[in-house]
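Because only heavy atoms are used, hydrogens play no part in the values below, and waters and symmetry mates are left out as well, while side chains stay in.
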Amino acid sequence: MAKITASVYTSHVPAIGAAIDLGKTQEPYWAPLFAGYEPSKQWMKDNTPDVVFLVFNDHATAFSLDMIPTFAIGTAAEYTPADEGWGPRPVPKVIGHPELAAHIAQSVIQQDFDLTIVNKMDVDHGLTVPLSLMCGQPDAWPCPVIPFAVNVVQYPVPSGRRCFELGKAIRKAIESYDQPLNVQIWGTGGMSHQLQGARAGLINKEWDNDFLDRLIADPDGLASQPHIDYVREAGSEGIELVMWLIARGAMSDVAGGPAPEVKHRFYHVPASNTAVGHLILENK
């Protein structure tokens with residue numbers, strides 16, 4: 001049977017992708033951030049999975065205000081990097097895993113979560129920046145990826161509790177797949193940031209680090225955090241952090257297993273106008 005071996009959490013700031021693509025990673029502004037991901041790149045080489053299930057949000061690339069799915073799973077064989085207005089990022093195309101994706105869709109929908117099935121879409125920085133941070137600049141990504149898009153852009157958005165429970169359903173789905181696959185689940189987005197209005201540029205280090213503490217030690221309690229707290233404390237775009245709860249809900253300890261092992265934790269401000277958080281948890 002397939003199993004989830006680890007979860008990865010990271011911000012997906014578009015400027016990080018630009019810094020990588022333009023060769024600016026060693027410039028004084030960017031070097032401390034990328035240094036924080038060097039242990040992660042080595043960990044990824046040492047623990048390359050068969051599949052990554054990557055939770056992200058689309059930024060009006062695959063979806064528009066004409067159609068906004070709350071949860072959408074990619075079931076295609078491959079995904080092209082999107083042109084977000086300045087040309088596609090110079091990164092490899094993303095290879096999917098249609099068989100596992102279809103199985104997850106079947107199982108999760110039968111567990112009463114309504115998913116939108118997407119057979120064709122381009123993927124933007126929300127998905128490609130995490131891959132670059134964890135994998136560097138390879139000629140091909142090291143494994144297939146199943147994109148899972150969550151609406152955290154247009155209100156109403158899903159609650160943290162809904163996302164956490166969805167993670168539990170995804171774990172059950174993966175563990176019922178009849179091939180011995182090593183699967184990682186990644187939650188991306190955040191941390192605290194606000195892109196517009198009177199509080200544009202807001203970053204809340206204390207709240208972010210408390211979120212990381214609770215994500216590790218008290219995910220069920222964290223899942224009950226009301227939406228308004230994210231907006232008040234982490235800024236209007238801080239709500240992206242509910243996507244991390246999908247990945248955390250899929251870990252073994254939530255289903256009664258041992259607590260996961262923290263393999264790496266990193267926090268840095270700023271990257272553009274965003275706080276960057278990063279965490280790797282391994283199932284025991």
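Between Val183 and Pro49 there is no side-chain heavy-atom pair separated by less than 4.5 Å. Between Phe63 and Ile68 there is no side-chain heavy-atom pair separated by less than 4.5 Å. In this structure, the side chains of Met191 and Asn204 stay at 4.5 Å or more apart for every pair of heavy atoms. In this structure, the side chains of Met44 and Val8 stay at 4.5 Å or more apart for every pair of heavy atoms. Side-chain contact between Pro260 and Glu282 is absent, with no heavy atoms from C-beta onward closer than 4.5 Å. Taking the side chain as every heavy atom from C-beta outward, Phe71 and Asp114 never approach each other to under 4.5 Å. Between Arg265 and Asn209, some side-chain heavy-atom pair lies under the 4.5 Å cut-off. Asp220 places none of its side-chain heavy atoms less than 4.5 Å from the side chain of Val254.
With rounding to the nearest 0.5 angstrom, the CG atom of Asn182 is 10.5 Å from the CD1 atom of Ile174. Rounding to the nearest 0.5 Å gives a distance of 9.0 Å between CG of Leu133 and CG of Leu131. Rounded to the nearest 0.5 Å, atoms NZ (Lys120) and OG1 (Thr75) are 13.0 Å apart. In this structure, the separation between NE2 on His193 and CD on Glu237 is 5.0 Å, given to the nearest 0.5 Å. Taking CG of Leu241 as the start and OG of Ser192 as the end, the distance is 8.0 Å to the nearest 0.5 Å. Here the CD atom belonging to Gln184 is positioned 8.0 Å from the CD1 atom belonging to Ile280, to the nearest 0.5 angstrom.
The local environment of CD in Gln196 is crowded, with over 12 non-hydrogen atoms from other residues, nucleotides or ligands closer than 6.0 Å. A 6.0 Å sphere centred on CG of Asp46 holds more than 12 heavy atoms belonging to other residues, nucleotides or ligands. Atom NZ of Lys172 has 12 or fewer neighbouring heavy atoms from other residues, nucleotides or ligands inside a 6.0 Å radius.
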Practice task
Evaluate salt bridge (charged side-chain N to carboxylate O under 4.0 Å, His left out) for Glu165 paired with Lys168, printing each intermediate quantity in order.
Solution key: CA-CA 5 Å; Glu165 297 299 323; Lys168 295 180 184 180; 3.2 Å; yes

Practice task
Could you walk me through whether Val242 and Phe164 pass side chain to side chain contact (heavy atoms under 4.5 Å, CB included), step by step?
Solution key: CA-CA 8 Å; Val242 297; Phe164 189 63; over 6 Å; no

Exercise for the section: Starting from the C-alpha separation in whole Å, work towards a yes-or-no answer on side chain to side chain contact (heavy atoms under 4.5 Å, CB included) for Tyr9 and Ile216. Expected result: CA-CA 11 Å; Tyr9 311 83; Ile216 295 167; over 6 Å; no

Practice task
Evaluate side chain to side chain donor-acceptor pair (under 3.5 Å) for Arg161 paired with Gln225, printing each intermediate quantity in order.
Solution key: CA-CA 8 Å; Arg161 174 60 60 186; Gln225 189 99 25; over 6 Å; no

Exercise for the section: Check the pair Leu54 / Ile146 against side chain to side chain contact (heavy atoms under 4.5 Å, CB included), numbers first and verdict last. Expected result: CA-CA 6 Å; Leu54 200 154; Ile146 296 174; over 6 Å; no

Practice task
Give the C-alpha distance, both sets of side-chain angles, the deciding distance and a yes or no for side chain to side chain contact (heavy atoms under 4.5 Å, CB included) between Val153 and Asn57.
Solution key: CA-CA 8 Å; Val153 175; Asn57 64 286; 3.8 Å; yes

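Side chain of Trp141 to backbone of Pro92: a donor-acceptor contact under 3.5 angstrom is found. When atom types are taken as modelled, the side chain of Tyr230 and the backbone of Glu240 share no donor-acceptor pair closer than 3.5 angstrom. Using a distance-only test at 3.5 Å, with no hydrogens or angles considered, no donor-acceptor pair links the side chain of Arg248 to the main chain of Pro219. Proximity of a side-chain donor or acceptor of Ser11 to a complementary backbone N or O of Gly277 within less than 3.5 Å is detected. For Ser64 (side chain) and Asp66 (main-chain N/O), a donor-acceptor pair under 3.5 Å exists by modelled atom type. Not a single donor-acceptor pair under 3.5 Å links the side chain of Asp253 to the backbone N or O of Gly256. A donor-acceptor pair under 3.5 Å links the side-chain atoms of His103 to the main chain of Ala173, judged by distance alone. Between the side chain of Asn47 and the backbone N or O of Trp43 there is at least one donor-acceptor pair closer than 3.5 Å. Remark: side-chain polar atoms of Glu78 are not paired, donor with acceptor, to backbone N or O of Ile95 under 3.5 angstrom. Checking side-chain atoms of Gln111 against main-chain N and O of Ala169 turns up a donor-acceptor pair under 3.5 Å.
A parallel orientation is assigned to the rings of Tyr37 and His278, their planes being inclined by less than 30° (bins at 30° and 60°). Using bins of under 30°, 30° to 60° and over 60° for the plane-to-plane angle, the ring pair His268/Phe266 lands in the parallel bin.
Put simply, Leu181 and Val94 are part of two different groups of oily side chains (I, L, V, M, F, W, Y) that touch within less than 4.5 Å, one to the next. Connection of Leu279 to Val55 is established within a shared hydrophobic cluster, with ILVMFWY side chains joined at heavy-atom distances below 4.5 Å, either directly or through further cluster members. Taken together through direct or relayed side-chain contacts under 4.5 Å among Ile, Leu, Val, Met, Phe, Trp and Tyr, Phe56 and Ile239 form parts of separate hydrophobic clusters. Under the 4.5 Å side-chain heavy-atom criterion for Ile, Leu, Val, Met, Phe, Trp and Tyr, Val91 and Val123 are members of the same hydrophobic cluster. Follow the hydrophobic side-chain contacts under 4.5 Å out from Ile246 and you reach Phe211 in the same cluster.
Judged by distance alone, the side chains of Thr70 and Arg162 never bring a donor and an acceptor atom under 3.5 Å apart.
Summarising the geometry of Ile185 relative to Ala250, their closest heavy-atom pair is CD1-CB, 3.8 Å, with the distance given to 0.1 Å. Taking every heavy atom of both residues into account, Pro147 and Val145 meet most closely at CD-O, 3.5 Å. In this structure, Met121 and Ala62 approach most closely via the heavy-atom pair CB-CB, 3.8 Å. Between Ser107 and Ser176 the shortest heavy-atom distance is OG-OG, 4.4 Å.
For the pairing with Ser132, the side-chain hydrogen bond (donor to acceptor under 3.5 Å, both in side chains) check across Arg89, Lys41, Gln137 returns one residue only, Arg89.
Two rings, from Phe53 and Phe148, have their centers less than 6.0 Å apart.
The ring pair (Phe, Tyr, Trp, His ring centres under 6.0 Å) analysis of residues 115-137, with sequence neighbours excluded, yields the pairs His12-His125, His59-His125.
Classification of Arg232 and Asp229 as a salt-bridged pair holds, one side-chain N sitting under 4.0 Å from a carboxylate O.
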